[in-house]
Structures are given as structure tokens and as C-alpha cells.
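In what follows, a single structure is set out as C-alpha cells and then discussed.
The model shown is predicted, which means the values in this text are computed figures rather than measured ones. Note on naming: letters A, B, ... go to the chains in the order of the sequence lines (proteins, then strands), and numbering restarts at 1 for each one.
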2 protein chains.
Amino acid sequence: MVTIGDVAKAAGVSRSTVSYALSGKRPISPEVRDKIDSVIRSLNFTPNAGARALATSQTHVIALLAQFYADEFAPAMMQYILGVTDRARDLGYDTLLVTEPDGVAALRRISNSRMVDGFVLLNVAEHDSRLEVLRKAGQPGALVGLPGDPRGLDVFDLDFEATGALMVDHLHSLGHREIILVSQPQHVVERGGAYVWRLADAARARAEELGIRLHAHHSASSQPEVGTDLARLLETHPDATGLLLNNEAAAAALPSVLSARSLRVPEDLSVIGRYSDDFARTFSLPYSSVDSAAAELGRRAVEQLVAHIQGEADARVVELTPPKILDRGSTAAPPA
Amino acid sequence: MVTIGDVAKAAGVSRSTVSYALSGKRPISPEVRDKIDSVIRSLNFTPNAGARALATSQTHVIALLAQFYADEFAPAMMQYILGVTDRARDLGYDTLLVTEPDGVAALRRISNSRMVDGFVLLNVAEHDSRLEVLRKAGQPGALVGLPGDPRGLDVFDLDFEATGALMVDHLHSLGHREIILVSQPQHVVERGGAYVWRLADAARARAEELGIRLHAHHSASSQPEVGTDLARLLETHPDATGLLLNNEAAAAALPSVLSARSLRVPEDLSVIGRYSDDFARTFSLPYSSVDSAAAELGRRAVEQLVAHIQGEADARVVELTPPKILDRGSTAAPPA
DNA sequence: CTGAAAGCGCTTACAG
DNA sequence: CTGAAAGCGCTTACAG
């Protein structure tokens, strides 16, 4: 392995001079700098990351803690992850992807061993046991997902309350007066998936305000149950003219359910989902939707985290992204 | 930060004794060991990873190089990644997820800086420019995806040739004599996606052997083009009774194409796909398929890589997983 | 503008 | 069974 000592020797200077040439932290004469640069290139020298971390207490690595539940929609996670890793690299950081089931233990282990300069947590729950560990950790943290108590941490999430209200507003303004909301399964709520009830509660409140009927239900998040659930809901509420989906699997299952019942969108039924644009494109979902902005949330979390690591962040921040409807033509006035 | 020196002082022993107690590399008297253990717990000591890496030249981190193409099926990647990260952790390794577009530069940078003990490469192409860099790197590497020249590297992939033959065999044995194969887009092949032609060539060869007609086509991998492509193929080959899919997006788009044409599976058309079981479940794809075994391939790659890192691997290995059809009842005898 | 030296927190021969 | 010391490859005050 080629070390800074090898470079120094070959360039005929001291190790500290090479180090300063690398970091630019003090002036180097042009000749010396050129000599060092050429030696570095010819020897193909790259500083040893471990040694540098030991000397500076900076690893230039962030940890990304992702939790996967067997019953949740794994592919959606990819967009968050890419947002994080891509932005991190742009800012000069590599990303340690941590997927072990015991997030608390992982956080402790990685924090204590000083492998990283900071943490990004995905899939944050209402009462997330990782947060108290994170608050005591020596490194800053940013969350994707709004917990009950965000104190001391940077938080990024879609504004699910505004999303619920917006969906209802949209259908109401088209003339709908009875609509169905399909949420994630009950057990997602029980696990602390606050976005489920945040959207549902806001939708319910807005519906009441506007004087329209909203039937809020949970459905399964995998086949074949989700298909059955959807069919049953349509049957139970034959007068509903609008459908709101806060459940990716339900969105994926809907086309076949509707075609089996010969229901056309938007002629017979207006539909709005809440999922990522990428998801919609991949699975050819023809429904207008509120974009979950996964990659963007991941990017923002990293930016804020890095600002904190580098001491440039003034204060802690809770940033809720306003919902936007991507119009795919799946809503219209209700059938006469 | 609490260091090994703090532990030593509190336990009244030398730093080396604490280190040996940690590693178990030499005998420690029971009393001393107990004392050290209790101090470690009370001080919540974890060795500094950078310092340890510097001293041992072992980071206990592996790099996972994943390439994402805008036109490819990103969600499918998740299963490979989880297979890698989960198995790595079981074996005592953390995973650096590297997604930057220039894989060659990333590999060089990470290898030279000694951040990791080894590499797993995903999405390996027929002529993959990362491979020559990897062969010269100081760390071992394992590939998911069979390149043209696998020398010096461990390779894990689905046996796509056997897959092509198996799919054709299966339909032939049910009585089909004219079938369509839908592959990934042409540009995936051009990028070096050898699995596309490996499956197609083997399917073609087997079809010829058996004396049945095989229409092999590429189709788009996103909507709405893929839907149009499928509809056109069915139109062009009205006598085909079987459909083979080596294109996830086509599989996802097929249900609505078929329902628009009132074609029933398997009564009117037999269908076999090639994708992960997870993908099938999430998107309620009702077609029998050859499982792409993503997580398993990721796991095997890590196991072999770690064996090499730890000097336990005898030789380099090319492991092609035999295809298995998951029967979802989408194939039957052709219509009379 | 440059160099010699201390120090980061570990591990591991060497010595007893 | 245990300790004192060297060394891993960097960075950065300190000194000139």
C-alpha cells in the first residue's frame, strides 16, 4: 500500500507538506505543489480513510437506517434510499446502509464505534425507540417521517394532513358528495405509522366541514386480500363516486378490480392515490396522485444532516412538504 | 469519548489486557475478565472502528456497488440489496451502499482509501469496465450477474440459459406449438445486459429442437409503450397460445392488456414470467414465473466474499442458480 | 513556505 | 497470565 510517507519521500518533502498540499490548509509553493501532485498521480495515492478518520474524528460517512417490514411495501423504499445516497455522495459522503431489524442496537453500535458522522432514519414511527438513543448519540440525526416528538432532530416528511384535506377538496370541487378512503392496514397504524391516521383524520375533518360523506377504511396491503377488500368496499358503498388511496398495494390492485366490475375511470369513479411518481410509471397506474416525494425527502434530510455535521446549521428544523396532485386524468365530475 | 485507556484505568489493568479480553486472543484470568467486562458495560465502551481498522487493516465493511439506470426497473434492485445487507450483518459486516453513476471511479476511490474489505457488484454487464479495476484492487470481489469474462472473481447469477429452455419445455409439454417471448428493450442488451440474449438464445434453440415456433421480441420497459407493444404482439401472432416474459414491466402491464382484449389466462393464453416472487406478490401478478432469486443471489455473493476476505475460500467460483417455476396456475393446454 | 514531532485509539509482537 | 512499547497512516499545533 502506498502511504503519505511514500509520497513525501518520492517528492523530497516532509509528510506534513504532503498533507497540507492535500488539504490546502496552508500555502505551498507552486513548484513543491506540482511535484507532489505528479507523485500522487504516478503512485496512485489515496489517503487511508481509517487513518484520516482517527486523526480528524471525521469519517465522511453517514449511516442510513432503514427498517423493512415483511408486510410493507419494500420497493417504495428504493426511492428514499437513492435520494439519500446520491445527495450524500454529491456532498462528499458515503452511505452505510443499515437494515438490521433491531434498529436501536444498530444505532448504538454504529454510534459508539464512531463509524459515521451522522444518521438518517427512514420509516420513523410515532413513538420510535430509536429516537432517544439518537438524541444521546454523539452524532446528529435527520429523520424521514414525522414522529410524535421531534425535539432535537431534523425532520422531513410529506404533509399528510394537508394531503388528506387536498384530496377531499379536489373531489368536492368536482361535485363529489360521497367518497371512500382506503388506508394502509390497521397493523401499520399500530406499529406507529402515524401518516396513516394523519391523512385519514384530516380527510375526515375536511369532509365534515364540507358536508360530504367519507367512508374511511383500512385494507390489506397484499394480494389477494387487498383485491377482495377493494371489491367489498365498492359493493358496500355503491353510491360513492370517488376513491382515495393511501395504500400502494391497493393502487396496484385497483385496475383489475375495476375492470372485473366494468367500472371506468373517471366516468364511473374518480380516483386519487398517494404514491411516488416512479411507482406510478413503473406500474402503469393511471390514477392522479399526490407524489410522496420520496427521493426529495431523502435528499433534504441529507442536506440538513451534512449542514449540522459541518456546523453550518443554525437550528433544528421540521419540514413538511406541501402535497401536489399529479394529474393523470382520473378525476372528473361524478356520473349524473 | 470513552477509549480502551479509560477502561484499562478503571479496571486497573493495562490497555493490552483489555484488548485481549475483547478479542479473546490470549487467556485472561477469570477475575480480571469479569472486572473488565463489568467496566466495559458500565462505561458503555465500544472500540473505535477507525482505530481498529488502522491497526488491523480490516474494516469489517463491504461495499455494495449498485448501478441504476433511469430506464430500468429500480424496485427489483431492493431485493438484491436486502439479501446483501442482511447476510453481511449476520456475518459481522456492515455495508456501504454505493450508487454513484461512475462505478469505475467509485471502485477506485473506495478501494484505494481502504474503506472496505471487499466488494459486491450488482447489475454486472457483459463487458463491465468495473471488472478490470476490481481485479487489480487490493480487496476481493463478488459479482451478481455473469460477465463475459469472470476470471479472478466470484460470480452468482440465475442460470438464464436453463431458464429459457425450461420455459419453452414447460409450454411444449402442455401442447403449445407457437409461443411469443417478450424480452427487455434492445437498449438493455446494448448496455451489456447479457441475461436478455442468454435467455432468448436458449429459448430459441430449444424451440427449434422441439420443432415449435417461437416469436422473440423486445418490448419497452415502461408505460404506456409497453402496453402498446404487448397489444401489437398479440395482434401480430394471433395463433400463439403461450407467452414468455423476460421483462418485469411487461408482466406488470399484461393484466390490463389482456382484460382489454378479453383474453383469459390460462384458458386462452398460457403465461410464464421471470421475476421475483416478491414482485409477483406485491403487484398481484397471477402468472407462474421463474423466480429471479434476487435475495438469495445477494446472500450467496456475500457469503463467498466474506469467505475470501477471511481466507477461507479455496478457489474462485461461478455459481448459476437453476431455474424453478413457481406455479400460479397460469399455464394449461392450449385452446382446442 | 516547510519540517520534526506528538497524537488520534487501537492491536500485537516482545518480554517477563 | 500480564504489561510496556512500537506501530498502523494520517493531521496539526509548534517551531523556524
Check: In whole angstroms, how far is the P atom of D:dG7 from the CZ atom of B:R15?
Finding: 15 Å
Check: What is the distance from CZ of B:R26 to C1' of C:dG16, rounded to the nearest Å?
Finding: 11 Å
Notebook entry, point to check: Think B:K25 has a side-chain N or O under 4.0 angstrom from the OP1 or OP2 of C:dT11?
Noted result: no
Notebook entry, point to check: So, is A:S14 close to the C:dA4 phosphate, meaning a side-chain N or O under 4.0 Å from OP1 or OP2?
Noted result: no
Check: D:dC1, C:dA4, C:dC8: which one has an atom nearest the side-chain heavy atoms of A:A55?
Finding: C:dC8
Checklist line | Separation of D:dT12 P from A:R52 CZ (nearest whole Å) | finding: 9 Å
Notebook entry, point to check: Would B:D154 and B:H308 satisfy side chain to side chain donor-acceptor pair (under 3.5 Å), going step by step from the backbone distance to the final call?
Noted result: CA-CA 9 Å; B:D154 291 307; B:H308 255 110; 2.8 Å; yes
Item checked: A:T3 side chain, from C-beta outward: closest of D:dC1, C:dT12, D:dG9 -> D:dG9
Checklist line | Which nucleotide in D:dT12, C:dG9, C:dT2 has an atom nearest any side-chain atom of B:A51 | finding: C:dG9
Margin query: Among C:dC1, C:dG3, D:dT12, which nucleotide has an atom closest to any side-chain atom of A:V13?
Written below: C:dG3
Check: Among C:dT12, C:dG3, D:dG9, which nucleotide sits nearest the side chain of A:S16?
Finding: C:dG3
Margin query: Among C:dA13, C:dC1, D:dA4, which nucleotide has an atom closest to any side-chain atom of A:P27?
Written below: C:dC1
Next item on the list: Return yes when atom CZ of B:R316 has more than 12 non-hydrogen atoms of other residues, nucleotides or ligands closer than 6.0 Å, and no otherwise.
Entry: yes
Next item on the list: Provide, to the nearest angstrom, the distance between the CD atom belonging to B:Q58 and the P atom belonging to C:dT11.
Entry: 12 Å
Notebook entry, point to check: Salt bridge between A:R300 and A:E303, side-chain N to carboxylate O under 4.0 Å?
Noted result: yes
Checklist line | Side-chain heavy-atom pair B:T17, B:V32 within 4.5 angstrom cut-off | finding: yes
